[in-house]
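Remarks on the structure that follows.
The sequence lines fix the lettering, A, B, ..., with proteins before strands; numbering per chain opens at 1.
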Amino acid sequence: MRLVDSLRLPVTQPFNFRFTLWKPSHFATELELHSRDESWRTFRIGSLVCGVRMQMDGARTLRADVFSDASWTADASERLASRLTHAYGLGEDPSGFLALARKDSAMREPLAALRGMRQSCPENLFEIAVITLVLQNSTVQRSTQMMSNLLDHYGLTVELPGFRLKSFFTPQDILGVGEAVFRARDRLGYRARYLERFAEFFRTHDPDTEQPNKADLMDEFQMVKGVGPYTAAVIASHAGRDPSAIGIDVWNKKILAKRFLGVEEADASAVTAELTARFPGYEGTASLYAVEYVYKDAALAKLEEQIPMERRALR
DNA sequence: ATCCAGGTTCACA
DNA sequence: TGTGAACATGGA
């Protein structure tokens, strides 16, 4: 892969590059690599694949250098620009959430530490659905293992200057693999039954252009086996960028109960009711800040450790 | 060993 | 509508 394109994307203020493109709480995949002021990530644009280096060019412009091969086109360039703008909410106005959050003392520290952070979803609809599938009822370690297996077996390897990343697979890439193989080879457990159903759904619904905030699409997607309320809410919140949507699970429920109710455990209904009372319309954004704040310092230390190695690799 | 993970399905009140 | 067991796997 060689440098084929360079995009300049405008961003509204305030914008936190580091905690928007890299989320401290997310489990690591080999799809991306981050240092203090740069992020690398692969994308599938239709059948094309590319690696993108992203960094700020001043406070108001995100620069994206694209590495791909001779098949890269002007159309792909436009689609990538649109994908990145949507993935990181570059054009969003954060003032609605900020007005509520500034008045809430429980939000003071997260807001200060993560100022300008936005929801991020570099994945398209199919990809984020796969991520939530491997998250279901499993430890982060096992999610990481399942994801790594899938990327190794069905994704591509992208050669970048001095290092390599993996790319996601497309729905077509896994059609016909079969439940038995997903179970035995990829260690998906009972999730093996569901993965191919996901691919079938997105064979007829373009995961790059369908709008997940359309209620009928999400209703239809929830008919797919393996897609329940949690998965649907994560997609609405992440890919759909609905600031009010929130997927409650056993993990964030504990974090939210502690920060907003001051208790170790609480029912999901009590947590969501509290969030709605305090951040109406922005429950998901409030949750995002609360969760990332818990992980920020420990994860940042790990990121710092990686920098010397990455710097060598990137030369 | 036994429990349980960043859930969902299915059966049965 | 609501509750509870079963579901694969692997680490604690």
Side-chain angles (χ1 to χ4, degrees), chain A residues 19 22-29 31-32 110 117 119-123 125-153 177-201 218-240 242 245-261 264-273 275 283-296 298-299:
Chain A
F19 294 120
W22 169 72
K23 289 289 186 285
S25 80
H26 286 191
F27 74 89
T29 71
L31 296 167
E32 52 191 40
M117 176 181 70
Q119 182 63 274
S120 66
C121 187
E123 295 81 14
L125 286 183
F126 170 67
E127 295 164 357
I128 190 69
V130 173
I131 300 263
T132 59
L133 181 65
V134 303
L135 283 172
Q136 290 174 15
N137 192 236
S138 61
T139 56
V140 165
Q141 181 157 357
R142 240 180 85 51
S143 299
T144 303
Q145 178 199 40
M146 288 186 273
M147 200 62 232
S148 182
N149 288 341
L150 292 172
L151 293 176
D152 277 344
H153 298 154
V177 170
E179 175 185 338
V181 174
F182 289 136
R183 191 181 292 267
R185 186 185 187 211
D186 302 307
R187 316 305 293 165
L188 292 194
Y190 69 88
R191 302 165 196 78
R193 296 171 53 206
Y194 303 138
L195 183 55
E196 205 151 333
R197 307 282 183 83
F198 285 24
E200 284 165 5
F201 181 85
M218 291 316 292
D219 287 347
E220 202 180 336
F221 189 44
Q222 263 190 92
M223 306 290 283
V224 176
K225 293 302 175 198
V227 181
Y230 172 74
T231 298
V234 169
I235 292 174
S237 155
H238 288 62
D242 177 352
I246 173 170
I248 296 278
D249 52 44
V250 299
W251 165 67
N252 61 20
K253 187 175 67 170
K254 209 169 284 183
I255 293 172
L256 298 172
K258 183 145 194 169
R259 176 154 298 272
F260 296 115
L261 295 169
E264 295 300 321
E265 301 282 350
D267 290 342
S269 57
V271 169
T272 51
L275 285 172
E283 295 88 340
T285 313
S287 170
L288 179 69
Y289 272 78
V291 167
E292 296 306 329
Y293 180 66
V294 171
Y295 285 80
K296 174 183 161 284

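Atoms CG (A/L288) and P (B/dG6) sit 18 Å apart, rounded to a whole Å. The CD-P distance, from A/Q141 to B/dG6, rounds to 11 Å in whole Å. Atom P of nucleotide B/dT8 and atom CG of A/L135 are separated by 11 Å, given to the nearest angstrom. Between the CZ atom of A/R197 and the C1' atom of B/dT8 there is a distance of 13 Å, given to the nearest Å. The CD1-P distance, from A/I128 to B/dG6, rounds to 16 Å in whole Å. Spacing between atom CZ of A/R191 and atom P of B/dG7 amounts to 9 Å, rounded to whole angstrom units. Atom CD1 of A/I248 is separated from atom P of B/dA5 by 15 Å (rounded to the nearest Å). The distance between atom CD of A/E265 and atom C1' of B/dA5, rounded to the nearest whole Å, is 14 Å.
If you check residues 180-189 of chain A against DNA chain C, the residues with a heavy atom closer than 4.0 Å are A/R183, A/R187, A/G189, listed by number.
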Open item on the list: One pair to check against side-chain contact (heavy atoms from CB on, under 4.5 Å): A/V134 and A/L150. What are the steps and the verdict?
Closed with: CA-CA 10 Å; A/V134 303; A/L150 292 172; 4.3 Å; yes

Open item on the list: Please determine whether side-chain contact (heavy atoms from CB on, under 4.5 Å) holds for the pair A/L256 and A/S287, giving the CA-CA distance in whole Å, both sets of side-chain angles, and the decisive distance to 0.1 Å.
Closed with: CA-CA 7 Å; A/L256 298 172; A/S287 170; 3.7 Å; yes

Open item on the list: Under the criterion side-chain contact (heavy atoms from CB on, under 4.5 Å), I'd like the reasoning laid out for A/N137 against A/Y190: C-alpha separation, chi angles, the key distance, then a yes or no.
Closed with: CA-CA 11 Å; A/N137 192 236; A/Y190 69 88; 3.5 Å; yes

Task: Intermediate values then yes/no, side-chain hydrogen bond (donor to acceptor under 3.5 Å, both in side chains), A/Q119 and A/S237 - done: CA-CA 8 Å; A/Q119 182 63 274; A/S237 155; 3.3 Å; yes

- [ ] Decide yes or no on side-chain contact (heavy atoms from CB on, under 4.5 Å) for A/I131 and A/V234, but give the supporting numbers first.
- [x] CA-CA 10 Å; A/I131 300 263; A/V234 169; over 6 Å; no

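Within the 4.0 angstrom heavy-atom criterion, only backbone atoms of the sugar-phosphate kind lie near A/T231; the bases stay farther away. Across all strands shown, A/V234 has no heavy atoms under 4.0 Å from either base or sugar-phosphate atoms. Across all strands, A/K225 comes closer than 4.0 Å only to sugar-phosphate atoms, never to a base (heavy-atom distances). Within the nucleic acid shown, A/V224 comes within 4.0 Å of sugar-phosphate atoms alone, with no base atom in reach, counting heavy atoms only.
C/dG2 and B/dG6 are spaced 26 Å apart, taking the P atom of each and rounding to whole Å. Going from the P atom of C/dG11 to that of B/dT8 covers 24 Å, rounded to whole Å. Going from the P atom of B/dT9 to that of C/dG10 covers 23 Å, rounded to whole Å.
Across A/F126, A/F182, A/F221, a single residue satisfies ring pair (Phe, Tyr, Trp, His ring centres under 6.0 Å) together with A/F198, and that is A/F221.
The distance from atom OG1 of A/T29 to atom CD of A/E123, rounded to the nearest 0.5 Å, is 7.5 Å. Rounding to the nearest 0.5 Å places CZ of A/R142 at 12.0 Å from CZ of A/F27. Atom CE of residue A/M218 and atom CD of residue A/E220 lie 11.0 Å apart, to the nearest 0.5 angstrom.
With no hydrogens or angles considered, a side-chain donor-acceptor pair links A/Q136 and A/T231 at under 3.5 Å.
On a pure distance criterion of 3.5 Å, no polar donor-acceptor pair joins the side chain of A/Y194 and the base of B/dG7.
For DNA chain C, the outermost nucleotides in 5' to 3' order that have an atom under 4.0 Å from a heavy atom of chain A are C/dC7 to C/dG11.
When each of A/N137 and A/R193 is assigned the nucleotide of DNA chain B bearing its nearest heavy atom, the one mapping closer to the 5' terminus is A/N137.
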